2 protein chains.
Amino acid sequence: MKATIEDVARVAGVSTATVSRALRGLPSVTPETREKVSQAAASLDYVVSPTASRLASGKTSTIGVIAPFIDRWYFAKLVSGIERVSRSSGFDVLIYSLERLDERERLFQHRLVKERVDALLVCSLPPSMDEVRSLQQMNIPVAVIGAEVDECNSVRIDDVQSAKTATGHLINMGHTRIGLIAESPLQPLSFTAPRDRRDGFLLAHQEAGLNFDSSLEAYGSFTIESGERAMGELLSKAQPPTAVFCESDEMAFGAISAIHRHGLRIPDDISIVGFDDHDLSKFANLTTIAQPVQLLGETAAWILLEQLKEPTKPRTSTVMPTQLIVRNSTKRLGSDRAGAVIGAFGSI
Amino acid sequence: MKATIEDVARVAGVSTATVSRALRGLPSVTPETREKVSQAAASLDYVVSPTASRLASGKTSTIGVIAPFIDRWYFAKLVSGIERVSRSSGFDVLIYSLERLDERERLFQHRLVKERVDALLVCSLPPSMDEVRSLQQMNIPVAVIGAEVDECNSVRIDDVQSAKTATGHLINMGHTRIGLIAESPLQPLSFTAPRDRRDGFLLAHQEAGLNFDSSLEAYGSFTIESGERAMGELLSKAQPPTAVFCESDEMAFGAISAIHRHGLRIPDDISIVGFDDHDLSKFANLTTIAQPVQLLGETAAWILLEQLKEPTKPRTSTVMPTQLIVRNSTKRLGSDRAGAVIGAFGSI
DNA sequence: TCAATTTAAGCAAACGCTTGCAAAATTCAG
DNA sequence: CTGAATTTTGCAAGCGTTTGCTTAAATTGA
């Protein structure tokens, strides 16, 4: 029923070795032979068995993606970018949505992974040094997205600088009591981006000679709900902030919701700046830091593919630019706002 | 360096056949032997090579997911559900994000797919009869999510009924000029859900003895932007609708934005109902139809896994329940609204 | 024209597992 | 106890490629 390489060889009148080489475009094949083989393959509707090919060659033509929450905006975008460039290079992409680190460790160490993928893309949660070593031993290239890791390729943004810019924007607008909605330090997963963003936030204060009142820090977990809760806490303070920097747009959405629930208005009573430039942020009129998420994924995949083609390629560390997008969720402290906001998402 | 089944066999003092059977928990192995083998395997840090196993057995332990836009909320949630249950059964999941149908057809027909996956999950875009046949011939089970397809498993919601309920809600509130933001009939991909939702919308009118003014229909493409554009058109009519049903929450978000941009208020001037119950809808205070997206994915994966275990299992067609969630984006026509809306997302 | 190179093609041994069938060991019935 | 039935194990033939090595053919240089 299904044609094998032997069938092709027979029809083309050559050996299977030649078929294999011809079909893969290897150099040592005459144009005529190659043509003959192609014809034979086409006539038999032949397609190589990736499985057999994998066993024989040890290459899987697959790249693995490890990401914590693939249903979240950020990770979904990332995966989408990765998938696009991988597939266009003929690579399959295998998704590992691992929330628990022990699962990941198991995956890495038992070289389970070596049998399945040629290269690995790790999103946001940087691998430990042990894990990196383990991967190196198996000789599988790794790229980390959203974090910098020794001896790994990395593709990321400058979270410190970006957060500093965002906070600076608030400071420039005259705000001095600025709240921070950050990732909870209690949560078990050790993302580095939130930490960096917090650092940037503090740095902006420092450089402006401002003192950060640490009671103005509240914690969330990068979800809308948690952002709402955190903002609730901030609003219940004796002296609430006049502006808030949220480490993600989704938390910002929650914060906005809480603010309205408290009968306050944005940006009249409180300014908000987020981080990510979520698809909805434009419509929510949220001032934010835009990061090219899909592009991060595409770039990381591309780097890995290059490295597979040419194993001697040196590791790279790419930092992509971000951009402060000023919309209508922030205003100069004390200034009157000129009329009603046009183009706002909300106010249902 | 890495242990093979032969190493285990040697250490355990049995044949490779026995190791294979023991490790896979097949019945014809004594408990003692099994134990011996397990010990040996553990001591060698052995793990089977999926590749070799695939070649020998013809099973890939992988399920493929074909989805058009994996970075969209709906599909990301779906994939997340699929991934969870697949992985917990030891199956890998391979993502095919195919926007173009010809790519998909190629994938199906050249039995490329047979070599890669044991079963296939097709999201939203129902396969053609040719494609189904092709898959059947290769003997690979298929489940379709979000559409009903002959001779395939399907997991979906009742789009007609749900849309009818949503529209009915508007009608019950006294609205008679109801707009529809539907998927453009021009776009090349033939989703069935939008069509069904439109049917439900019309049906509700019909059953209420209402006439639908077809000039109140505008088109989008399930994105926020397109929803905004569509709503813009509706608002520019001489006599705009007093309520609008959007075929997705994301288009509803766009519509909301457009309405505010026009200086109108929701629900005072216009009522909006969406479809999906997007993560943000609760915060946007959007009345909508909730569908259990992640559960759809989980169920579909589960069905497929069952069918792989027991190939004689009959095909199933599952319809999951949806629910109208009334929030603050709809109100009775002509009634005064009691005070300001609490908990709204927007009004930045 | 002929040896020396270079290039193209073929041989056959992996790759690491699964599985049908046969053999051995065990259990059972009488 | 013994032969039959049953259970457990082993043998070895695949599964469909790739690739190192060898051989044959073509090209080159003198």
Side-chain angles (χ1 to χ4, degrees), chain A residues 1-38 40-41 44-62 90 110-112 114-116 118 138-139 308, chain B residues 1-38 40-41 44-62 90 110-112 114-116 118 138-139 308:
Chain A
M1 149 119 203
K2 68 180 162 187
T4 74
I5 198 173
E6 293 208 51
D7 300 325
V8 179
R10 194 172 318 117
V11 171
V14 298
S15 71
T16 64
T18 302
V19 174
S20 175
R21 293 193 261 257
L23 257 26
R24 279 178 304 150
L26 296 193
S28 67
V29 173
T30 346
E32 300 88 68
T33 312
R34 193 184 303 284
E35 180 56 25
K36 235 179 3 186
V37 171
S38 302
L44 291 172
D45 200 33
Y46 168 78
V47 32
V48 318
S49 157
T51 310
S53 163
R54 281 169 198 191
L55 182 57
S57 71
K59 325 256 169 165
T60 64
S61 288
T62 302
H110 279 57
R111 84 200 146 59
L112 256 176
K114 175 61 175 175
E115 296 283 349
R116 295 167 195 275
D118 288 342
M138 298 188 288
N139 196 30
L308 286 174
Chain B
M1 152 116 203
K2 67 179 163 187
T4 75
I5 199 172
E6 294 209 50
D7 300 323
V8 180
R10 197 173 317 117
V11 172
V14 299
S15 71
T16 63
T18 302
V19 173
S20 175
R21 294 193 262 256
L23 257 25
R24 280 179 303 151
L26 297 193
S28 70
V29 174
T30 343
E32 299 89 67
T33 312
R34 193 185 302 283
E35 179 58 23
K36 235 177 5 185
V37 171
S38 302
L44 289 172
D45 200 33
Y46 169 79
V47 32
V48 316
S49 157
T51 308
S53 161
R54 281 168 198 191
L55 183 56
S57 71
K59 325 256 169 165
T60 64
S61 287
T62 301
H110 279 56
R111 86 198 144 60
L112 256 176
K114 174 59 173 176
E115 297 283 348
R116 296 168 194 274
D118 288 342
M138 299 188 285
N139 197 29
L308 286 174

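Given the structure is predicted, the values throughout are model-derived calculations rather than measurements. Proteins get letters first, then strands, A, B, ... in listed order; numbering begins at 1 in each.
When distances are taken from the side chain of A:Arg24 to each of D:dT18, C:dG16, D:dG16, the shortest belongs to D:dT18. Closest contact between the side chain of B:Ala56 and the listed nucleotides D:dT19, D:dT17, C:dT18 involves C:dT18. When distances run from any side-chain atom of A:Ser57 to the nucleotides D:dT18, D:dG10, C:dT19, the shortest one goes to D:dT18.
Heavy-atom nearest nucleotides on DNA chain D were determined for B:Pro31 and for B:Ala52, and the one closer to the 5' end corresponds to B:Pro31.
One can place NZ of B:Lys59 at 23 Å from P of C:dG16, the figure rounded to the nearest angstrom. Here D:dG16 presents its C1' atom at 14 Å from CZ of B:Arg116, a figure rounded to the nearest Å. The separation between A:Leu23 atom CG and D:dG16 atom P is 16 Å, rounded to whole Å. In this structure, A:Leu55 places its CG atom 12 Å from P of C:dT18, rounding to the nearest Å. Atom-to-atom, CZ of B:Arg10 to C1' of C:dC17 comes out at 15 Å; the value is rounded to the nearest Å. Atoms CD (A:Glu6) and P (D:dG14) sit 11 Å apart, rounded to a whole Å. The distance between atom CD of A:Glu35 and atom P of C:dA8, rounded to the nearest whole Å, is 16 Å. Per the geometry, CD belonging to B:Glu32 stands 16 Å off P belonging to C:dA25, to the nearest Å.
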Next on the checklist: Go through it in stages, so that I can follow the logic: the residues are B:Glu115 and A:Lys2, the test is side chain to side chain contact (heavy atoms under 4.5 Å, CB included), and I'd like the CA-CA distance, side-chain angles, deciding distance and then a yes or no.
Outcome noted: CA-CA 11 Å; B:Glu115 297 283 348; A:Lys2 68 180 162 187; 3.6 Å; yes
Item to check | side chain to side chain contact (heavy atoms under 4.5 Å, CB included) between B:Val37 and B:Leu23, intermediate numbers included | outcome: CA-CA 7 Å; B:Val37 171; B:Leu23 257 25; 3.5 Å; yes
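Look at A:Ser53 and you won't find any side-chain N or O under 4.0 angstrom from OP1 or OP2 of D:dG16. At the phosphate of D:dG10, OP1 or OP2 sits under 4.0 Å from a side-chain N or O atom of B:Ser15. The side chain of B:Ser20 places an N or O atom within less than 4.0 Å of a non-bridging phosphate oxygen (OP1 or OP2) of C:dT18. At the phosphate of C:dA9, OP1 or OP2 sits under 4.0 Å from a side-chain N or O atom of A:Thr30. Checking the phosphate oxygens (OP1, OP2) of C:dT19, no side-chain nitrogen or oxygen of B:Arg21 falls inside 4.0 Å.
No N or O donor and acceptor, one from the side chain of A:Arg54 and one from the base of C:dG16, sit under 3.5 Å apart.
Within 4.0 Å (heavy atoms only), B:Thr33 reaches sugar-phosphate atoms of the nucleic acid but no base atom. As judged by a 4.0 angstrom heavy-atom cut-off over every strand, B:Ser28 is placed among the base-contacting residues.
Looking only at distances, a side-chain donor or acceptor of A:Thr60 sits under 3.5 Å from a matching main-chain atom of A:Thr62. A donor-acceptor pair is defined here as one N or O able to donate and one able to accept, closer than 3.5 Å; no such pair exists between the side chain of A:Thr18 and the backbone of A:Val14.
Side-chain contact, A:Arg24 with A:Ser20: a donor N or O sits under 3.5 Å from an acceptor N or O.
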